[in-house]
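Each remark here refers to the structure printed beneath this line.
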Amino acid sequence: RTVGNTAFMLITSNTNRKDVLIQNIGGTDSYCGNKFVTYTSGFKVPSNGGGYVDDRFTGSYWCITQTGTTTMTYREVR
């Protein structure tokens, strides 16, 4: 999925989620958090293969870049 400098819902909430892996396979750093995420408030998912794993949160993940776009992917374990 393409993420740009407007908050984008990458993953919908899922109460059955046990784990999630978010990976940034594009060339621009991204930042993820809730629907109000900004590049200063979100957790950083570095470009070129950087990732983030969470085994507790079942809500939605929103992502954004500071400038430009990047490509992100994810995997859920239910």
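- Looking only at atom types and distance, the side chain of Asn24 has a donor-acceptor partner in the side chain of Thr70 under 3.5 Å away.
- Closest of all the heavy-atom pairs between Gly51 and Pro46 is N-CD, 4.5 Å.
- In the hydrophobic clustering of ILVMFWY residues, with side-chain heavy atoms under 4.5 Å counting as a link, Val45 and Leu10 come out together.
- The two residues Cys32 and Val37 make their nearest non-hydrogen contact at C-CG2, 3.6 Å.
- At least one side-chain heavy atom of Ile22 sits less than 4.5 Å from a side-chain heavy atom of Ile11.
- Aromatic ring centres of Tyr31 and Phe43: separated by at least 6.0 Å.
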Task: Criterion side chain to side chain contact (heavy atoms under 4.5 Å, CB included) on Lys18 and Asp55, from CA distance to verdict - done: CA-CA 6 Å; Lys18 296 184 190 300; Asp55 64 355; over 6 Å; no
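- Taking CG of Asp29 as the start and OG1 of Thr65 as the end, the distance is 9.5 Å to the nearest 0.5 Å.
- A distance of 9.0 Å separates CG of Leu21 from CZ of Arg75, quoted to the nearest 0.5 Å.
- Using a 4.5 Å cut-off on side-chain heavy atoms (C-beta onward), Tyr61 and Asp54 make contact.
- Counting heavy atoms of neighbouring residues, nucleotides and ligands inside a 6.0 Å radius, atom OH of Tyr39 does not exceed 12 of them.
- In this structure, Gly49 and Gln23 approach most closely via the heavy-atom pair O-NE2, 3.3 Å.
- Using a 4.5 Å cut-off between side-chain heavy atoms of Ile, Leu, Val, Met, Phe, Trp and Tyr, with links allowed through other members, Met9 and Phe57 fall into different hydrophobic clusters.
- Contact annotation: the side chain of Met72 never approaches that of Tyr74 to less than 4.5 Å [non-hydrogen atoms, C-beta and beyond].
- Atom CG in Asn5 sits 12.0 Å away from atom OG1 in Thr38 (nearest 0.5 Å).
- For the pair Glu76 and Asn14, the minimum side-chain heavy-atom distance is below 4.5 Å.
- Within the 3.5 Å criterion, the main-chain N or O of Gly59 finds a donor-acceptor partner in the side chain of Arg17.
- Of all the heavy atoms in Gly27 and Ser47, the pair that sits closest is C-CB, 3.5 Å.
- Contact annotation: the side chain of Lys35 never approaches that of Ser60 to less than 4.5 Å [non-hydrogen atoms, C-beta and beyond].
- For the pair Thr73 and Arg1, the minimum side-chain heavy-atom distance is 4.5 Å or more.
- Cluster annotation: Val20 is connected to Phe8 through the hydrophobic network of ILVMFWY side chains, with a link wherever side-chain heavy atoms come within less than 4.5 Å.
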